[in-house]
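A short write-up of the structure that comes next.
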2 protein chains.
Amino acid sequence: MTTQLHLQIDDRSGVPVYRQIMDQIKYYVAGGTLRPGDQIPSIRELANAMAVNPTTVVKAYSELEAEGIIEKRHGKGAFIAAQAPALSVVDQEIALRRSAKQLAVEATQLQVPSPKVITVVREELGALSPERNDEDDPIKFSVLGGDRAS
Amino acid sequence: MTTQLHLQIDDRSGVPVYRQIMDQIKYYVAGGTLRPGDQIPSIRELANAMAVNPTTVVKAYSELEAEGIIEKRHGKGAFIAAQAPALSVVDQEIALRRSAKQLAVEATQLQVPSPKVITVVREELGALSPERNDEDDPIKFSVLGGDRAS
DNA sequence: CTGTCTGTTTGATAACACCCAAACACTTAA
DNA sequence: TTAAGTGTTTGGGTGTTATCAAACAGACAG
């Protein structure tokens with residue numbers, strides 16, 4: 001049965017299903033709920049659980065593999081990859097700066113005071129950083145807004 | 001001639017041209033270089049300056065208008081819109097949190113230490129917030145990576 | 001070997017994104 | 001009215017995205 005994952009797919013959001021899968025797995029990896037070596041649901045298992053075509057899950061898994069997040073093994077399953085070596089500090093900063101700039105522009109447009117922006121970023125970082133609990137989170141599959149399941 | 005804008009289009013980036021236009025105008029608005037009432041380049045003028053089809057600029061301007069950033073006036077030109085009334089604090093936070101969470105996940109994946117994330121976000125916010133100079137910035141059009149201009 | 005897990009690949013479809021060309025309509029000044 | 005500026009609209013070509021169905025191939029327990 002592999003690791004249980006609590007994935008929520010929202011059909012109404014407009015965000016592609018494969019991308020929702022990617023984002024959420026990334027989130028669990030970032031938060032430490034999923035750790036290197038952990039087995040994640042097989043393509044068919046996940047596709048079946050959320051009532052989508054296996055190819056859609058393949059798409060998500062393939063992209064994640066290309067990003068070095070997971071590793072697929074033929075006949076075995078899919079696993080969280082060993083943590084990739086950190087980029088050079090300059091490359092880190094280039095990538096980070098792009099996202100930060102975008103956040104800054106959006107926050108300004110929303111007229112959010114800077115201190116609040118910092119606070120929220122701190123909170124979101126904090127939600128990920130702590131060493132994760134081991135066997136908490138009753139992790140399940142689920143689907144939202146699905147007129148998918150006939 | 002309207003307001004001069006320093007817009008750089010990078011064909012290699014993969015980011016759609018119309019979106020690059022949008023992002024940069026948003027950035028100037030957020031930074032105060034462009035203020036409510038300011039006239040921005042006409043569709044044709046901008047299209048000509050950066051060697052793209054006018055319809056591409058129309059796309060960018062229309063999206064910006066839908067977001068309340070600018071205002072198009074038939075026969076007159078395009079202008080920076082009056083600043084939209086701020087959202088409620090809760091709505092602000094919902095929107096902001098979404099972006100912040102994404103930043104946090106990315107930063108974690110990049111293995112950037114939290115303090116550095118905060119620092120960079122501070123810097124990017126700071127690059128926008130100060131009362132903007134009035135007539136600085138030699139603002140021009142330009143295109144990068146253009147095999148476009150024959 | 002056989003069955004049943006696993007991932008892999010191919011081909012098709014429908015929808016959308018992106019960019020373009022050209023004709024249309026409003027505004028203003030001469 | 002005319003001219004030259006402005007934004008508007010329509011239609012099409014091209015490529016990508018998103019999803020699916022079905023057949024293919026490795027791993028392993030029995």
Side-chain angles (χ1 to χ4, degrees), chain A residues 1-3 9-23 25 37-66 69-81 143 145-150, chain B residues 1-3 5 7 9-23 25 37-66 69-81 143 145-150:
Chain A
M1 168 173 286
T2 80
T3 306
I9 296 303
D10 184 355
D11 285 338
R12 296 158 299 181
S13 71
V15 180
V17 173
Y18 85 95
R19 187 155 279 286
Q20 292 186 47
I21 296 173
M22 287 179 64
D23 288 344
I25 289 182
D38 283 356
Q39 182 165 15
I40 60 179
S42 75
I43 290 176
R44 281 179 180 76
E45 184 183 352
L46 185 53
N48 186 51
M50 49 204 338
V52 290
N53 191 284
T55 318
T56 301
V57 180
V58 169
K59 173 80 174 262
Y61 278 19
S62 295
E63 299 263 336
L64 285 171
E65 188 170 42
I69 310 286
I70 73 172
E71 202 174 305
K72 288 178 296 177
R73 297 184 202 143
H74 202 160
K76 303 289 203 62
F79 305 82
I80 303 300
V143 180
D147 36 274
R148 191 193 303 288
S150 61
Chain B
M1 169 173 288
T2 78
T3 306
L5 278 182
L7 299 187
I9 297 303
D10 184 355
D11 285 340
R12 296 157 300 182
S13 71
V15 180
V17 173
Y18 85 95
R19 186 156 279 286
Q20 293 187 46
I21 296 173
M22 287 179 64
D23 289 343
I25 289 182
D38 283 356
Q39 181 165 16
I40 60 178
S42 76
I43 290 176
R44 280 180 182 75
E45 185 182 354
L46 185 54
N48 187 50
M50 49 205 339
V52 293
N53 190 283
T55 318
T56 301
V57 181
V58 169
K59 173 79 175 264
Y61 278 18
S62 295
E63 299 264 336
L64 285 171
E65 187 170 44
I69 311 286
I70 73 173
E71 202 175 303
K72 287 178 297 178
R73 298 185 202 140
H74 202 160
K76 302 290 203 61
F79 305 81
I80 303 300
V143 180
D147 33 274
R148 190 193 303 290
S150 59

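Basis for what follows: all heavy atoms, side chains included, without hydrogens, waters or symmetry-related copies. So that the names make sense, note that chain A is the first sequence line, chain B the second, and so on, each numbered from 1.
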Exercise for the section: Answer yes or no: side-chain N or O of A:H74 and base N or O of D:dA25 forming a donor-acceptor pair under 3.5 Å. Expected result: yes
Handout entry: B:N53 side-chain N/O to C:dC19 phosphate OP1/OP2 under 4.0 Å
Key = no
Exercise for the section: For A:P41 and A:Y61, work out which heavy atoms get closest and say how close. Expected result: O-OH, 2.8 Å
Exercise for the section: Verify side-chain contact (heavy atoms from CB on, under 4.5 Å) between B:D10 and B:V15, making sure each step is shown before the conclusion. Expected result: CA-CA 8 Å; B:D10 184 355; B:V15 180; over 6 Å; no
Problem - For atom CD1 of B:I43 and atom C1' of C:dA23, their distance in whole Å - result: 15 Å
Problem - Within-4.5 Å side-chain heavy-atom neighbours: B:I21 and B:M50 - result: yes
Handout entry: Summary of protein contacts for nucleotides 9-16 of chain D, nucleotide by nucleotide, where a base hit scores B, a sugar-phosphate-only hit scores S (4.0 Å, heavy atoms)
Key = B-------
Exercise for the section: Let me know the distance between CE of A:M22 and P of D:dT17, rounded to the nearest Å. Expected result: 12 Å
Handout entry: Distance test, side-chain N/O of B:T56 to OP1/OP2 of C:dC18, below 4.0 Å
Key = no
Practice task
Can you tell me the distance, in whole Å, between the NZ atom of A:K72 and the P atom of C:dT8?
Solution key: 4 Å
Practice task
Mind checking the OG1-CD1 spacing from A:T56 to A:I43? Nearest 0.5 Å is all I need.
Solution key: 11.0 Å
Problem - Of B:K76 and A:G75, the one whose closest DNA chain D nucleotide lies more 5' - result: B:K76
Practice task
Mind calculating the distance between CG (A:L46) and P (C:dT6) to the nearest angstrom?
Solution key: 12 Å
Problem - Pairwise side-chain contact, B:V52 with B:L46, heavy-atom cut-off 4.5 Å (strictly under) - result: no
Problem - Check: B:R44 side chain, D:dG7 base, donor-acceptor under 3.5 Å - result: yes
Problem - Rounded distance (Å) that lies between atom C1' of D:dA25 and atom CZ of A:R73 - result: 18 Å
Fill in the blank from the handout: Nearest-nucleotide check on DNA chain C, B:P54 vs B:K59; residue mapping nearer the 5' end is B:K59
Exercise for the section: Would you indicate, yes or no, if C:dT6 has its OP1 or OP2 atom less than 4.0 angstrom from a side-chain nitrogen or oxygen of A:S42? Expected result: yes
Practice task
Tell me what B:Y61 touches on the nucleic acid: a base, only sugar-phosphate, or nothing, going by heavy atoms under 4.0 Å.
Solution key: nothing
Exercise for the section: Among D:dG7, D:dT6, C:dT6, find the nucleotide with the atom closest to the side chain of B:E45. Expected result: D:dT6
Practice task
Find the distance A:E63:CD to C:dT8:C1' and express it as a whole number of Å.
Solution key: 16 Å
Practice task
Give the rounded distance in Å between these two atoms: CD of B:E65 and P of D:dT6.
Solution key: 17 Å
Practice task
Measure from the side-chain N and O atoms of B:E65 to the backbone N and O of B:K72, and report whether any donor-acceptor pair falls under 3.5 Å.
Solution key: yes
Exercise for the section: Calculate the interatomic distance between A:I40 atom CD1 and C:dG7 atom P; express it in whole Å. Expected result: 9 Å
Problem - Gap between atom CG of B:N53 and atom CG of B:N48 - 0.5 Å precision - result: 11.5 Å
